[in-house]
Structure formats: C-alpha cells, structure tokens
Participant: 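This is the structure I want to talk about, given as structure tokens.
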Amino acid sequence: MTFRASALPLIAMIAALGACAQEGELVVDQGVGVTSVLTSCPAVGIPNYTGDVTTFRAEGNRAAANLDVSASMTNLRSTCDDTTDKVYSEATFNVLARRTDVRGARTVTLPYFVTVLQGGSAVVTKRVGEVTLTFADGQERAQASAKAGSFVDRAAASLPEDIRERITRRRRAGDPEAALDPLANPEVRAAIARTRFEMLVGFQLTEEQLAYNATR
C-alpha cells in the first residue's frame with residue numbers, strides 16, 4: 001500500500017513517533033531487574049509535512065498571488081479501547097481553512113488518510129476519508145471536524161511470554177547475567193519494536209503538495 005507511489009518512503013521516514021509519556025518506558029526495579037511498561041494502544045500523531053495542505057488556482061504556479069485555499073489540522077485527540085482482542089483507537093481533529101478569494105459561497109472537500117504502522121515502517125492498514133469545509137459569501141475562514149479510527153490485533157501488540165520473561169526476570173548479584181542489559185539483546189529489541197503500533201493521520205497530499213510543504 002502506498003501514499004501515491006513514491007510519497008510513502010518519505011512519509012515513513014518522517015513519521016517516526018515516540019511512545020506517550022509513561023508508556024513504553026523502562027523502569028529499573030531497585031537495581032535488580034527491569035519492568036517494561038507497555039501498552040497495546042497505538043501512539044497517535046500527524047506525520048511531519050502532512051498536517052497542512054495548500055491549493056493554487058493555476059497548476060504549476062506556486063506564487064503567493066496564485067494561492068487559493070490553505071488548511072491545517074489541529075486539536076488532534078485520541079481515545080483507545082483495549083478491552084477486547086481487537087484494540088480500537090479513534091482520533092478526532094479540527095481542520096482550519098482560509099481562502100484568498102471571498103466572493104460567493106463555496107464548499108471545499110479535502111482528503112485525509114489514516115494509516116497504521118507497525119515497527120515504525122510497516123504499513124498495516126490505510127484508509128482515505130474526506131472533510132468538507134463550507135465558506136459563506138464574504139467569509140475568509142472556515143472550520144470543520146473529522147474523525148478516524150483503526151483496529152490493532154492485541155496479540156500482535158503484546159510481547160511474547162518468553163521475551164517478557166527475559167526482560168522482567170529478577171537478577172541477583174553474582175548471576176552471570178546480572179550485569180547484562182536484556183534490552184541490549186537484538187532479539188529482545190526486535191520483539192519490542194514489532195509490538196509498537198502508530199496510528200497516523202494527515203492530509204492525503206499529492207507529491208507536489210508534499211514537496212511544497214517540505215520546502216516552504
């Protein structure tokens with residue numbers, strides 16, 4: 001699945017999101033072991049350069065005088081229900097838009113995507129929705145609200161028991177593994193990475209729009 005052909009690799013690179021505070025962090029337990037505080041709920045965010053969109057009246061002309069409509073995503077909030085085998089997350093957000101020509105009433109529809117990434121790069125699902133803004137005659141600005149949801153398999157977002165045991169095993173002074181950090185083990189790091197899911201929301205941009213956002 002792609003974001004309009006070559007757009008996905010760029011978005012994947014700029015979309016890396018850290019886990020929420022106190023979730024996914026390591027807590028040292030009195031210096032003799034570690035406890036991994038994990039959550040099956042995905043981190044939610046807007047990838048860089050995808051939270052804004054700008055359209056122009058004439059194609060190929062990126063001059064300020066040719067600007068038509070500009071819009072931004074804001075007030076992103078999320079909820080998560082992790083009580084079932086399918087963890088459901090929902091994100092709500094506002095879209096604030098401004099147009100340069102205020103003559104006449106006008107309706108503008110902007111597409112947006114919601115995608116779930118596993119391990120920071122693997123696209124699990126992707127869907128495209130639309131948000132519609134209505135400008136009254138003489139009105140320069142408009143606002144609309146939208147939402148997006150996704151499911152994550154709880155089993156995929158949970159550490160295997162053998163990996164969890166290796167992380168949380170209590171170690172005593174003098175044990176051969178006492179001085180070894182289990183999180184330094186490549187197998188453990190890879191297992192943790194596979195449980196990391198992200199739900200990303202942004203405008204569904206053309207390659208030209210994405211390049212414009214990245215260079216303006």
Participant: Linking I/L/V/M/F/W/Y whenever their side-chain heavy atoms sit closer than 4.5 Å, directly or via other members, would Leu110 and Leu96 fall into one cluster?
Facilitator: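 No, no single cluster joins them.
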Participant: May I ask whether Phe203 and Tyr212 are part of the same hydrophobic cluster, defined by side-chain heavy atoms of I, L, V, M, F, W, Y residues being less than 4.5 angstrom apart, directly or through others?
Facilitator: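 No.
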Participant: Which pair of non-hydrogen atoms, one from Val131 and one from Ser145, has the smallest distance, and what is that distance?
Facilitator: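 Smallest heavy-atom distance, with atoms named: CG2-O, 4.2 Å.
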Participant: Taking only residues at least two apart or on different chains, which pairs with a member in residues 45-139 satisfy disulfide bond (SG atoms under 2.5 Å apart)?
Facilitator: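 Of all non-adjacent pairs touching residues 45-139, those that pass disulfide bond (SG atoms under 2.5 Å apart) are Cys41-Cys80.
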Participant: Could you tell me if the side chain of Asn213 sits less than 4.5 Å from the side chain of Thr50, heavy atoms only?
Facilitator: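 Not touching, per the 4.5 Å side-chain cut-off.
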Participant: Looking at Gly104 and Asp137, what are the two nearest heavy atoms and their distance?
Facilitator: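 Closest pair (atom of Gly104, atom of Asp137, distance): N-OD1, 2.7 Å.
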Participant: Quick one: pull up CZ in Arg103 and CZ in Phe135 and give me the separation to the nearest 0.5 Å.
Facilitator: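 Nearest 0.5 Å value for the CZ-CZ distance: 14.5 Å.
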Participant: Of all heavy-atom pairs between Phe113 and Gln204, which one has the smallest distance, and what is that distance?
Facilitator: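 Smallest interatomic distance, heavy atoms only, reads CB-OE1, 3.4 Å.
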Participant: Not counting sequence neighbours, which residues clear side-chain contact (heavy atoms from CB on, under 4.5 Å) with Asp153? List them please.
Facilitator: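 Lys86, Ala155, Ala156.
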Participant: Ignoring hydrogens, what is the shortest heavy-atom contact between Lys147 and Thr92? Give both atom names and the distance.
Facilitator: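 Heavy atoms only, the tightest pair is CB-CG2, 3.9 Å.
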Participant: side-chain hydrogen bond (donor to acceptor under 3.5 Å, both in side chains), that's the test. Do Thr132 and Thr109 meet it? Break it down for me.
Facilitator: CA-CA 4 Å; Thr132 299; Thr109 299; 3.3 Å; yes
Participant: Take atom CG in Asn61; do more than 12 heavy atoms of anything else shown fall under 6.0 Å from it?
Facilitator: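 Yes, enclosed.
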Participant: For residues Met199 and Ser150, report the shortest heavy-atom separation together with the two atoms involved.
Facilitator: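 Met199 and Ser150 have their closest heavy atoms at SD-OG, 2.8 Å.
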Participant: Is it true that Phe151 and Tyr88 have ring centroids separated by less than 6.0 Å?
Facilitator: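 That pair passes the under 6.0 Å test.
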Participant: If you look only at pairs with a residue in residues 55-77, which of them pass as a salt bridge (Lys or Arg N to Asp or Glu O under 4.0 Å), with sequence neighbours excluded?
Facilitator: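 Sorted result for residues 55-77: Asp68-Arg106.
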Participant: Of all the heavy-atom pairs spanning Ala91 and Val201, show the shortest one and how long it is.
Facilitator: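 Taking every non-hydrogen atom into account, CB-CG2, 4.4 Å.
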